[in-house]
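Below: one structure, written as structure tokens.
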Amino acid sequence: MNISRIDLNLLVYFDVLLRELNVTRAADQLGISQPAMSNGLKRLRVLFDDPLLIRTSKGMTPTERASELKPVIRELLIGLEKAVQPKAEFNALESEQVFRMMASDYAESTLIPLLIARLRNEAPKVILDIMTPSDVNFADVEQGRVDMAINRFDEIPQSFHQKVLWKDTFSCLINRQNPVLRNFNLDNYLKSHHVWVSKTGMGVGVGMDPDDVQRLGWVDEALAKIGAKRRITVFTRSYQAASSLAERQDLIATVPSKMARLKQDNSRVSIVAPPFDIPSIELTMAWSPLLQHNPAHRWMRELITETAKIIDRF
């Protein structure tokens with residue numbers, strides 16, 4: 001076998017799979033998708049010409065060959081980690097590094113303010129370059145030109161590492177003088193005028209078709225499932241704009257709850273639960289495998305994760 005043809009990432013997959021004995025948990029540990037991990041297991045089976053993990057009544061069980069390989073590969077990985085370990089760890093207090101991150105309007109409004117506050121204390125010289133989804137594409141992230149993308153994704157390339165920062169529900173922002181609040185049921189919700197906010201995505205956007213339910217996103221898909229349709233009179237690509245427009249007496253903005261809570265001290269609007277079920281959404285951080293072991297990048301990912309946990313408590 002020509003060793004130059006071996007993908008070293010497969011050895012990392014093997015190590016985690018033998019530790020977790022579960023494809024889904026192994027994928028979570030590595031921050032990759034379950035299909036990507038399943039594909040990795042298939043490639044490992046070809047590489048070693050052995051099933052490696054067999055499904056039994058007790059779950060996934062390693063074969064004799066896998067048990068023999070486990071300590072050998074673990075030792076190899078430890079050696080590799082030492083070989084590529086930088087001479088000095090990232091010094092956050094003194095670093096002047098620029099971190100370029102794509103953040104959706106939702107992430108920029110909810111996550112970034114607290115992240116900046118923490119940076120002022122922990123890394124006062126670090127600079128953030130925050131880009132919008134229309135500024136970048138997946139190739140920019142994959143090649144490391146953008147450090148990370150923080151958004152709600154329909155799909156992420158399998159090669160990317162990813163981490164769910166939080167899950168969020170939906171709330172309605174309604175002007176307190178809007179008569180719909182007197183009897184806020186589904187029928188009155190549907191009769192009202194609504195602000196639509198852009199579904200997730202990257203790259204330059206296009207105009208919206210009010211009848212294209214699939215492209216309209218979560219709220220309208222949830223309504224379609226119960227055979228209902230709301231009256232959208234304003235389309236916007238900004239949650240900030242939608243939240244401000246909700247101050248008008250005749251408009252309702254149905255937005256993620258963490259976004260809605262930014263208006264909780266605004267005397268002009270009320271925050272109420274939608275009169276129908278909307279599936280929760282996930283805010284995800286994704287990054288290139290090229291940056292997975294970069295000390296500065298690892299530090300920033302950990303800081304973002306810690307900050308997200310603080311926000312998710314409320």
Can you find a pair of side-chain heavy atoms, one from [X] and one from [Y], that are under 4.5 Å apart?
{"X": "Ser288", "Y": "Gln143", "result": "no"}
{"X": "Leu283", "Y": "Asp168", "result": "no"}
{"X": "Lys125", "Y": "Glu94", "result": "yes"}
{"X": "Asp147", "Y": "Met102", "result": "no"}
{"X": "Asn22", "Y": "Met60", "result": "no"}
{"X": "Arg301", "Y": "Gln292", "result": "yes"}
{"X": "Tyr13", "Y": "Met37", "result": "yes"}
{"X": "Asp312", "Y": "Leu165", "result": "no"}

Review point. Can you check side chain to side chain contact (heavy atoms under 4.5 Å, CB included) on Met101 and Met285, steps first, answer last?
Key: CA-CA 10 Å; Met101 59 180 68; Met285 173 171 60; over 6 Å; no

Can you tell me if [X] uses its side chain to pair, donor with acceptor, with the backbone of [Y] under 3.5 Å?
{"X": "His194", "Y": "Tyr189", "answer": "yes"}
{"X": "Arg25", "Y": "Glu20", "answer": "yes"}
{"X": "Asp15", "Y": "Arg74", "answer": "no"}
{"X": "Arg231", "Y": "Lys191", "answer": "yes"}
{"X": "Asn178", "Y": "Asp250", "answer": "no"}
{"X": "Gln162", "Y": "Ile32", "answer": "no"}

Look at [X] together with [Y] and state whether they make a salt bridge at an N to O cut-off of under 4.0 Å.
{"X": "Arg145", "Y": "Asp140", "value": "yes"}
{"X": "Asp220", "Y": "Lys229", "value": "no"}
{"X": "Asp129", "Y": "Arg100", "value": "yes"}

If every non-hydrogen atom of [X] is compared with every non-hydrogen atom of [Y], which pair is closest and at what distance?
{"X": "Ala253", "Y": "Ala246", "answer": "CB-CB, 3.9 Å"}
{"X": "Leu18", "Y": "Ala66", "answer": "CD1-CB, 4.1 Å"}
{"X": "Val141", "Y": "Ala149", "answer": "CG2-CB, 4.2 Å"}
{"X": "His161", "Y": "Pro289", "answer": "CD2-CA, 3.5 Å"}
{"X": "Phe184", "Y": "Ala273", "answer": "CE2-O, 3.4 Å"}
{"X": "Leu128", "Y": "Met300", "answer": "CD2-CE, 4.0 Å"}

**Study point:** Test side-chain contact (heavy atoms from CB on, under 4.5 Å) applied to Cys172 and Ile252, Ile271, Val255, the passing residue
**Key:** Ile252

Say whether [X] and [Y] are linked into one hydrophobic cluster, either directly or through other cluster members, by side-chain heavy-atom distances under 4.5 angstrom.
{"X": "Phe90", "Y": "Ile127", "answer": "no"}
{"X": "Met131", "Y": "Leu290", "answer": "no"}
{"X": "Leu181", "Y": "Val195", "answer": "no"}
{"X": "Leu30", "Y": "Leu47", "answer": "yes"}
{"X": "Val272", "Y": "Leu223", "answer": "yes"}

Quick one: pull up [atom1] in [X] and [atom2] in [Y] and give me the separation to the nearest 0.5 Å.
{"X": "Leu17", "Y": "Gln29", "atom1": "CG", "atom2": "CD", "answer": "11.0 Å"}
{"X": "Leu8", "Y": "Leu10", "atom1": "CG", "atom2": "CG", "answer": "8.5 Å"}
{"X": "Asn266", "Y": "Glu247", "atom1": "CG", "atom2": "CD", "answer": "4.5 Å"}
{"X": "Ser244", "Y": "Leu251", "atom1": "OG", "atom2": "CG", "answer": "11.5 Å"}
{"X": "Thr110", "Y": "Met259", "atom1": "OG1", "atom2": "CE", "answer": "7.5 Å"}
{"X": "Gln158", "Y": "Ser33", "atom1": "CD", "atom2": "OG", "answer": "4.5 Å"}

If we ignore angles and hydrogens, is there a donor and acceptor under 3.5 Å between the side chains of [X] and [Y]?
{"X": "Thr56", "Y": "Thr61", "answer": "yes"}
{"X": "Thr236", "Y": "Ser238", "answer": "no"}
{"X": "Gln240", "Y": "Asp105", "answer": "no"}

Assess whether atom [atom1] of [X] is packed by more than 12 heavy atoms of other residues, nucleotides or ligands within 6.0 Å.
{"X": "Asn39", "atom1": "CG", "result": "yes"}
{"X": "Gln264", "atom1": "CD", "result": "yes"}
{"X": "Asp49", "atom1": "CG", "result": "no"}

Exercise for review: Step by step, work out the side chain to side chain contact (heavy atoms under 4.5 Å, CB included) result for Ile281 and Phe170.
Suggested key: CA-CA 9 Å; Ile281 57 172; Phe170 281 85; 3.7 Å; yes

According to the interplanar angle, ranging from 0 to 90°, do the rings of [X] and [Y] count as parallel (below 30°), tilted (30 to 60°) or perpendicular (above 60°)?
{"X": "Trp287", "Y": "His297", "value": "tilted"}
{"X": "Trp196", "Y": "Phe235", "value": "tilted"}
{"X": "Phe138", "Y": "Phe153", "value": "tilted"}

Exercise for review: Check step by step if side chain to side chain contact (heavy atoms under 4.5 Å, CB included) holds for Asn188 and Arg182.
Suggested key: CA-CA 10 Å; Asn188 287 331; Arg182 297 172 194 157; over 6 Å; no

Point to revise | Intermediate values then yes/no, side-chain hydrogen bond (donor to acceptor under 3.5 Å, both in side chains), Ser38 and Gln34 | key: CA-CA 6 Å; Ser38 295; Gln34 192 272 340; 3.0 Å; yes

Practice item. Tell me, with the steps shown, if Ser280 and Thr169 meet side-chain hydrogen bond (donor to acceptor under 3.5 Å, both in side chains). Key: CA-CA 5 Å; Ser280 62; Thr169 57; over 6 Å; no

Check your understanding: When you look at Ile130 and Glu108, which way does the side chain to side chain contact (heavy atoms under 4.5 Å, CB included) test go after all the steps?
Key -> CA-CA 8 Å; Ile130 302 171; Glu108 190 172 8; 3.9 Å; yes

